[in-house]
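Below is one structure, written out as structure tokens; the observations come after it.
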Amino acid sequence: MTKTSDNFFERVYAVARQIPYGKVTSYGAIARALGTARSARMVGWAMNAAHNLEDVPAHRVVNRKGLLTGKHHFDGTNLMQQLLESEGIVIEDNQIIDLEKHFWEPEIRIYFCE
DNA sequence: AAGGTGACCGGCC
DNA sequence: TGGCCGGCCACCT
């Protein structure tokens, strides 16, 4: 909280929490929203801790190609896919079909207002 | 304190 | 998007 690092995680969580139902976004998009476009990897790392929090729908976050890269980190191997399919998202071979159709980009303006 | 790591991205072949 | 390489930034041991 007092540490800046926690602030960074908080921002990642804040973005993920705002992902609408039935929509998905990419790590890079979140990183861009935070102003740290080059630390997309860090976003994934934050997600690692975020998936522990039920407030953060980490299953709605995929990589740029729409690949469910993080599904391996969930409880089940296909739990992430099941969740996304439950939201109306079509997934084939761990990959989201019509990614742009379900893609949602976070609003940057919110996170610059500190 | 330093090194290794990672749920990535973009560029190039 | 098929595959490989480099960069990048914060976290962990």
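Proteins get letters first, then strands, A, B, ... in listed order; numbering begins at 1 in each. These numbers come from a predicted model, not from an experiment.
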inquiry  = Whether Ser26(A) contacts dC8(B) is assessed here as follows: a side-chain N or O lying under 4.0 Å from the phosphate OP1 or OP2. Is that the case?
reply    = no
Under 4.0 angstrom between Arg38(A) side-chain N/O and dC8(B) OP1 or OP2 = no
Within this structure, what is the [atom1]-to-[atom2] distance between [X] and [N], rounded to whole angstrom?
{"X": "Met47(A)", "N": "dC9(B)", "atom1": "CE", "atom2": "P", "answer": "12 Å"}
{"X": "Tyr27(A)", "N": "dA10(C)", "atom1": "OH", "atom2": "C1'", "answer": "17 Å"}
{"X": "Met42(A)", "N": "dG7(C)", "atom1": "CE", "atom2": "P", "answer": "20 Å"}
{"X": "Asn63(A)", "N": "dG2(C)", "atom1": "CG", "atom2": "P", "answer": "11 Å"}
{"X": "Leu99(A)", "N": "dT1(C)", "atom1": "CG", "atom2": "P", "answer": "9 Å"}
{"X": "Arg41(A)", "N": "dC9(B)", "atom1": "CZ", "atom2": "P", "answer": "10 Å"}
{"X": "Tyr13(A)", "N": "dA10(C)", "atom1": "OH", "atom2": "C1'", "answer": "12 Å"}
{"X": "Phe74(A)", "N": "dA7(B)", "atom1": "CZ", "atom2": "P", "answer": "13 Å"}

task = Write down the distance separating the P atoms in dA1(B) and dC8(C), rounded off to the nearest Å.
result = 23 Å
key: Whichever of Trp45(A) and Gln95(A) has its nearest DNA chain C nucleotide further upstream toward 5'   = Gln95(A)
ask   = More than 12 foreign heavy atoms under 6.0 Å from CG of Asp55(A): is that the case here?
value = yes
query = CZ of Arg17(A): more than 12 outside heavy atoms within 6.0 angstrom?
reply = yes
Within the structure shown, what part of the strands sits under 4.0 Å from [X] by heavy-atom distance: base, sugar-phosphate, or nothing?
{"X": "Asn48(A)", "value": "base"}
{"X": "Ala31(A)", "value": "nothing"}
{"X": "His72(A)", "value": "nothing"}
{"X": "Thr36(A)", "value": "nothing"}

query = Only one of Met47(A), Arg41(A), Met42(A) clears side-chain contact (heavy atoms from CB on, under 4.5 Å) with Tyr27(A); which?
reply = Met47(A)
task = Please name the residue in the list Gln81(A), Gln82(A), His59(A) that meets the side-chain contact (heavy atoms from CB on, under 4.5 Å) test with Lys71(A).
result = Gln81(A)
query = Of all the choices, dC11(C), dG10(B), dC8(B), which nucleotide is nearest to the side chain of Arg64(A) once you look at every atom?
reply = dG10(B)
ask   = From the list dA7(B), dC11(C), dG10(B), which nucleotide is the closest neighbour of the side chain of Arg32(A)?
value = dG10(B)
query = Across all strands shown, which nucleotide pairs with dT1(C) by Watson-Crick or G-U wobble geometry, both distances under 3.5 Å?
reply = none
Pair assignment for dG7(C), Watson-Crick or G-U wobble, requiring both distances under 3.5 Å = dC8(B)
note = All heavy atoms of Phe103(A) vs all of Lys23(A), minimum pair found to be O-CD, 4.3 Å
